[in-house]
Amino acid sequence: MEHPNPTIRVLVAKPGLDGHDRGAKIIARALRDAGMEVIYTGLQQTPQMIVEAALQEDVDVIGLSILSGAHMTLLPKVMHLLREQQLHNILVVAGGIISDEDALLLTAEHGVSAIFGPGSSTHDIVHYIRSHAGKPRE
Amino acid sequence: MSNSDLIPRLRSGDRRALARAISLIETGGPTARALLAEAYPCAGTAHLIGITGPPGAGKSTLVTSLTQEWRRNGATVGVIAVDPSSPFTRGAVLGDRIRMQALSGDPGVFIRSMASRGRLGGLARATADAATLLDAAGFDLVLIETVGAGQSEVEIARTAHTTIVVEVPGLGDDVQSIKAGMLEIADIFVVNKADREGAEQVVGQLRTMLHLGRREPGAWEPPVVSAVATLGRGSSEIVAAAGAHRSHLRNAADRAASAQAHAERELSAALQELVLERLRGPLWSAMVDQLATRVRDPYSAAGMLIASLKGREPEKIT
């Protein structure tokens, strides 16, 4: 699919029940400063809400921040719903407290593109999104 | 997804096609114009409602409670929520969806966030065209939430049929209500956060101001409605007032004249965009240089550029 929009649009969301979104807000701000349009949807998003918002906003990237430990339930569910809606070209990245084993499973088996753990620099995240967004991943 | 059948697909309810078409319209250029050319004849049935007011007045929350009210009445609703782009990086954080969570999961609602992309006046360049797409997709209402607006972001009144101006208590004295600008464009005033101190004074000041103005016989008299958007209070009154305003527009004696005026503004905006786009080139750069060094003045430079348009082929858009 032709990439229609030179401006990268990113949905930043927090799936599940944890109530701490300082990290997500810092990321949103960093992406904004890198010239991207960030749709910030706030806390306590269900996978259905995230995928619906991504569809309506026609985003290139979804960034999910998850600290609750429920990532092995919520992230595969988001990926499944994206496939169901034929949104194959959206790049999905996640950040939060996610072990190396889980990260490997999420990227290798569920189609999450990258996991950024604690200590990741916003610079690296911006660079990763810039070089991967809007390209075919099928 | 191919771009050629987006309009038939969005008209048949394909939300992915609608979302993609809005992105293409935002990008602009020949693809955008071809899409608009196809959608324009199918649009014209939706009621376009603008919602404007200062930052923090509760516009997004009001959009949510009004949408819920319209949904209870069986109408479908498209929402365009505009937030500002950074003038430095052109990036944006679009946060209006945070207050619209309650609308999630409803197939009769479609919400799109839009960055202003450098345009002042409270809207993005593509806002009106995106509203045309939502209209063509069959939404009964299209709500357009402007960026948090001050006193002169009045562009919304030229785009919407009905303009709702949201005020809140505690923003200033009663001289604010006799100034020109925002207050003149309201078809409906909403005093939100009406459970706070000072709300009654704001309502009173607005009503006084409205009675001071001269009004033609038969002209629309903007109602002033108190609301607490977080609780849904006032929504049914506002929805009823919007319906009454639309009936008023349909029956108004100057209806043809106002349709003409609207068409003239649309044509003027399209002409500016196309002419500017076609003139950007070597001569444009040369004229910019000559202006910057004061070798030439702006009007003669513009004259040179317009003269260069003559004899060019018109662009094909279908």
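This is a predicted model, so every value here is computed, not measured. Convention: sequence-line order gives letters A, B, ...; per-chain numbering from 1. Every heavy atom of this structure was used, including side-chain atoms; hydrogens, water molecules and symmetry mates were not.
- Interface remark: A:Leu87 contributes side-chain atoms only to the contact with chain B (heavy atom separation under 4.5 Å).
- B:Arg16 approaches A:Leu55 most closely through the heavy-atom pair N-CD2, 3.8 Å.
- The nearest pair of heavy atoms linking A:Asp33 to B:Thr89 is O-CG2, 3.3 Å.
- Using a 4.5 Å cut-off between heavy atoms, B:Val79 does not touch chain A at all.
- Shortest non-hydrogen contact noted between B:Ala92 and A:Arg32 is N-CG, 3.4 Å.
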Practice item. Might you work through the side-chain contact (heavy atoms from CB on, under 4.5 Å) test for B:Ile22 and A:Gln56, ending with a clear yes or no? Key: CA-CA 9 Å; B:Ile22 295 174; A:Gln56 293 179 1; over 6 Å; no
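- B:Arg196 CZ: 12 or fewer foreign heavy atoms inside a 6.0 Å radius.
- For a residue to count as touching a neighbouring chain, one of its non-hydrogen atoms must lie under 4.5 Å from one of that chain's; by this rule B:Arg90 touches chain A with the backbone only.
- Taking 4.5 Å as the heavy-atom cut-off, the residues of residues 44-52 of chain A that approach chain B are A:Gln45, A:Met49, A:Glu52, ordered by number.
- Going from atom OG of B:Ser113 over to atom CD1 of A:Ile39 covers 5.5 Å, rounded to the nearest 0.5 Å.
- A distance-only check finds no donor-acceptor pair linking the side chain of B:Arg97 to the backbone of A:Tyr40 [under 3.5 Å].
- The structure places CD1 of B:Ile111 at 11.0 Å from OG1 of A:Thr41, a figure rounded to the nearest 0.5 Å.
- Interface remark: of the candidates A:Ala53, A:Gly42, A:Ala34, A:Gly35, A:Gly35 forms the most heavy-atom pairs closer than 4.5 Å to chain B.
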Exercise for review: Carefully, step by step, assess B:Leu94 and A:Arg9 under the rule side-chain contact (heavy atoms from CB on, under 4.5 Å).
Suggested key: CA-CA 10 Å; B:Leu94 312 174; A:Arg9 285 170 67 88; 4.3 Å; yes
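- Ranking A:Glu57, A:Arg29, A:Met36 against chain B, the residue ahead of the rest is A:Glu57, based on heavy-atom pairs under 4.5 Å.
- We find the OG1-CZ distance between A:Thr7 and B:Arg117 to be 4.0 Å, quoted to the nearest 0.5 Å.
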